[in-house]
Visitor: 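Got a structure here, written out as structure tokens. Questions coming.
These numbers come from the heavy atoms of this one structure, side chains and all, not from hydrogens, waters or symmetry mates. Predicted, not measured: the structure shown is a model, and the values here were computed from it.
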Amino acid sequence: MVVAGNVVCKSSSSSMRGGNGHMVRAVLSASSPCRVSRRTARVAAIRCECGKDDSMDSSIHPSDRWIDRLAFAGSVREEPLKFGLGVAAPFSMAIPLLCMGGIGGGDNNNGGEGGDGGGDGSDAQEVYVIAEDEEDEEEDDDEEEDDEDEDEDDEDEDEDADEEDNDDEDVGGASGDGFFCSEIKAQGLPVGEGIPTEEDLFASLNCQAGFTCSRTELSQDIKQLYNTGLFESVNAKVLPDKKGKFSVVFDFVEKRYPEIKTFAVEGAKVLPKNVVEETNAKLEAYKGQAFTMETMAAIKNVIEGWYQARGFGLSYISHFTGMPTGNVVAHIVEGRTSKVGVVYVDEDGNPSQKKGSIPASFILKYCPVEVGTLYSMNDGRKTLQNVFALDLFDNVQVFPRQNEKDPSRVEVDVMVREKPVQTADLELEWQVAPNEKNRPSIVSLVPGGTITYEHRNVGGRAATLAASINTKNFLAPSEDLSYRLIYSQPYIYGLDDPKKTKLSGTVFNSRKLCGVFTPGPSGDEVPVVWVDRAGGKIAISEQYSRNSSGSLGLVAQEVSCLDENGALCPRGMRSNAFGQYIADGPPTTLSGTGKDRMVYAQGALTRDTTYMVNGQQIGSRDIFTVDQGLGIGTKAPFFNRMYVAATRFLQLRKPKKGSTSPPITAVIQTNIANTIGDLPVYDSFLLGGPYSVRGYNIGELAACRRMLEAAIELRVPVFGKQFYGFYEMGHDLWSSKEVSGNPTEYYRRVGRGSSLGAGVKLGALRAEAVKDNNKSKWNLFFAYGERF
């Protein structure tokens with residue numbers, strides 16, 4: 001059988017969800033006919049191998065591109081993107097294939113002249129040996145049988161098929177179905193930076209270690225390796241191993257061309273001349289040497305490295321020509337965006353026949369990828385981030401693919417799966433408390449709970465409207481009803497705004513227990529005081545960098561302090577020796593009536609560089625917040641209240657390669673707060689609690705105007721669980737007496753304290769044994785969520 005011209009291999013997948021929805025095309029030009037047996041002419045289906053990289057720029061090192069473009073079979077490379085939201089969105093790209101000029105022709109004595117760029121090659125050597133004792137006679141017999149089979153193919157295909165089965169059954173003790181491959185090795189393969197490794201070359205072969213391989217598949221693998229154009233010849237031996245298994249050994253002879261005389265590039269429009277000059281300077285080291293894979297790798301590393309460093313992942317060297325004469329030309333393909341489109345997918349990840357509720361034109365406004373420019377991985381990443389930040393989609397992927405006929409044309413599809421535009425949820429809850437026998441019982445059969453509603457595309461402008469209502473008794477919600485209504489509009493200054501400014505407005509009503517009016521270490525019974533806040537807030541938030549953000553807002557609210565019956569509570573209370581409540585405590589509000597109204601400005605800055613390593617945070621987080629009273633409201637309150645928190649997550653030991661266990665980590669946190677001016681008692685800083693100084697109740701240590709907190713925690717993974725030990729301390733900096741009515745002294749609190757302990761994380765639950773150093777007493781606590 002004679003094959004000339006082009007050999008085309010295609011692979012496609014109907015699933016877009018896995019990132020394999022691409023057509024991979026490899027074209028191998030042949031300058032002269034080459035004789036190939038019918039068995040080896042059968043082209044096996046390309047198996048797309050997907051590799052993953054943790055880098056967000058989806059870049060591909062030049063040394064990784066050899067097998068992607070020089071091999072007979074292509075690959076699809078898939079890269080994941082990380083977001084602070086905890087969402088990983090795959091970023092896929094089709095990698096083009098590079099072929100060396102042409103496959104050389106000639107006789108079996110290697111005497112024929114190769115085609116342009118192909119060199120003096122012999123026939124594709126289909127050498128297939130199964131040897132038990134490595135006897136030459138058996139090898140010769142097998143080759144003769146192969147030749148006889150090829151002649152008989154032209155006469156009678158059915159008879160040939162029967163003889164193929166007989167050959168497979170009689171070779172080296174392997175069965176007609178093939179042999180079990182235990183190991184694949186390579187001999188004569190050059191080693192160096194940018195040169196394909198055994199792993200690269202063998203990744204797309206039919207024969208793989210741990211699987212059964214047939215004679216036909218191995219013949220196809222030999223042909224595939226030879227057709228890379230990198231080798232003068234490729235031979236294979238199948239050697240017996242233990243327990244009826246066999247190892248495959250490929251023997252490579254590297255193709256060597258004459259010494260390079262001149263070097264030039266074609267097809268490059270943006271590649272600077274100094275990069276070509278740098279390449280020529282590097283080639284000076286190869287003077288007097290044959291042009292080999294090492295020389296090609298040196299050229300590719302410089303030129304493709306320039307493109308990769310700038311994010312142009314679909315710009316590369318497609319092939320070399322002129323090697324037989326020494327006047328080498330590198331032909332470059334620069335992938336330019338020719339089309340950008342939106343693909344809507346259903347719940348299964350398949351393209352939907354219906355148009356989405358969010359217009360494609362609206363989505364494309366958030367895509368920095370421009371038609372006519374070199375496709376940049378950086379623009380692809382920004383597109384992914386911008387579209388996902390709209391919070392209108394639960395899955396976003398960007399698929400750049402090169403046109404099969406013209407690889408310089410890149411078509412980009414933005415694949416989106418929409419969230420439901422409107423959602424509503426109902427959560428029911430029943431309160432449980434100890435009964436007269438100190439056993440848990442349901443307080444009321446009437447449930448409480450939360451009703452939530454969300455609209456994610458108000459007015460078709462990606463605006464979001466969210467509402468929630470919470471109560472402990474749905475039949476009498478007026479007693480403790482709390483609600484929150486939030487409207488947010490992204491990109492209020494346009495899509496070109498580098499700060500991605502977002503406007504948000506909130507209307508709220510909330511009710512919480514006030515930690516200021518709680519008992520101290522003595523545990524005396526104290527009537528509870530509820531703080532009810534109702535008002536509104538309007539704010540602008542900005543993104544200064546990937547890790548830094550800020551916000552500025554204006555808050556207007558009415559604050560009411562209520563007793564357990566819902567009546568205004570102007571002063572704190574405690575019980576006397578006769579069990580009676582005495583209302584002689586600190587005033588609960590600035591007005592002294594139990595109700596305040598005020599307007600103040602609120603600002604925040606956050607820098608968060610944390611990232612996850614096997615589920616454990618590593619990095620740093622700094623938070624600064626400030627409330628500034630404007631003198632508007634009850635008694636014209638004018639104040640400044642600021643809070644600073646600095647947290648460091650230090651990785652003490654990296655996890656072992658391939659391990660899923662989190663690393664050993666130390667966490668260090670320092671909090672500082674200060675207030676000047678008019679401070680309402682309910683806004684005092686509280687010391688003590690599961691998120692302050694552990695081992696104490698909320699506010700058990702102090703209610704103060706200034707405070708300092710410090711904590712250190714060591715986290716160690718043991719048997720799949722995270723165990724940790726910690727030490728924490730807090731101090732009011734002698735400012736408790738400056739709070740109106742001095743609630744710290746009134747409730748007989750200490751004003752400072754420390755604790756140490758150990759705990760274990762059980763999912764979202766923290767179980768901790770903590771020593772209260774003020775009393776030298778150990779206690780067991782349970783808390784939800786992260787401490788830091």
Visitor: Can you tell me which residue pairs pass the ring-ring contact (aromatic ring centres under 6.0 Å, His included) test with a partner in residues 743-788, sequence neighbours excluded?
Guide: none

Visitor: Assess whether a salt bridge exists between E738 and R706, defined as any Lys/Arg side-chain N lying under 4.0 Å from an Asp/Glu carboxylate O.
Guide: yes

Visitor: Is there a donor in the side chain of N773 and an acceptor in the side chain of S754, or the other way round, less than 3.5 Å apart?
Guide: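 Present: a donor and an acceptor within the cut-off.
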
Visitor: Does some side-chain heavy atom of V750 sit less than 4.5 Å from a side-chain heavy atom of P521?
Guide: yes

Visitor: Can you give each donor-acceptor pair under 3.5 Å made by side-chain atoms of residues 559-567, sequence neighbours left out, with the distance rounded to 0.1 Å?
Guide:
residue: D563; atom: OD1; partner: N565; partner atom: N; Å: 2.9
residue: D563; atom: OD1; partner: G566; partner atom: N; Å: 3.0
residue: D563; atom: OD1; partner: A567; partner atom: N; Å: 2.9

Visitor: Distance only, no hydrogens: is a donor on one side chain within 3.5 Å (strictly under) of an acceptor on the other, for E542 and Y544?
Guide: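 The answer is yes; a qualifying pair exists.
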
Visitor: Any ion pair linking D683 and R533 (charged N to carboxylate O, less than 4.0 Å)?
Guide: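 A salt bridge links R533 with D683.
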
Visitor: State, with a plain yes or no, whether a side-chain heavy atom of V667 is found less than 4.5 Å away from one of I712.
Guide: no

Visitor: Treating N509 as the side-chain partner and L481 as the backbone partner, does any N or O pair qualify as donor plus acceptor under 3.5 Å?
Guide: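 Such a contact is found between N509 side chain and L481 backbone.
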
Visitor: Is a side-chain donor-acceptor pair under 3.5 Å present for S551 with S541?
Guide: no

Visitor: Can a donor-acceptor pair be found between the side chains of E454 and T464 at a distance below 3.5 Å?
Guide: no

Visitor: For a quick check under 3.5 Å, do K537 and Q602 share a side-chain donor-acceptor pair by atom type?
Guide: yes

Visitor: Pairing donors with acceptors under 3.5 angstrom, does anything connect the side chains of E768 and Y724?
Guide: yes

Visitor: Restricting to side-chain contact (heavy atoms from CB on, under 4.5 Å), what partner residues turn up for S591, sequence neighbours left out?
Guide: T589, T593, D596, T634

Visitor: Are E728 and R787 close enough for a salt bridge, meaning some N to O gap below 4.0 Å?
Guide: yes

Visitor: Classify the side-chain pair Y483/N470 by whether it contains a donor and acceptor separated by less than 3.5 Å.
Guide: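 Per modelled atom types, Y483 and N470 side chains form no pair under 3.5 Å.
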
Visitor: Is there a side-chain contact between I664 and P717 (heavy atoms, below 4.5 Å)?
Guide: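 Side chain of I664 against side chain of P717, heavy atoms only: contact under 4.5 Å found.
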
Visitor: Should the pair R511-D532 be classified as a salt bridge under the 4.0 Å nitrogen-to-oxygen rule?
Guide: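 Counted as a salt bridge, because a side-chain N and a carboxylate O are separated by less than 4.0 Å.
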
Visitor: Do the side-chain N and O atoms of S620 and T609 include a donor-acceptor pair separated by under 3.5 angstrom?
Guide: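 Yes - a donor-acceptor pair under 3.5 Å links their side chains.
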
Visitor: When you check the gap from the basic side-chain N to the acidic O, do R607 and D622 get nearer than 4.0 Å?
Guide: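 Looking at R607 and D622, the cut-off is not met.
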
Visitor: Using side-chain hydrogen bond (donor to acceptor under 3.5 Å, both in side chains), reason through E713 and Y727 one step at a time and then give a plain yes or no.
Guide: CA-CA 7 Å; E713 182 173 288; Y727 176 82; over 6 Å; no

Visitor: In terms of side-chain heavy atoms, does D608 have a donor or acceptor partner in T606 at a distance below 3.5 Å?
Guide: no

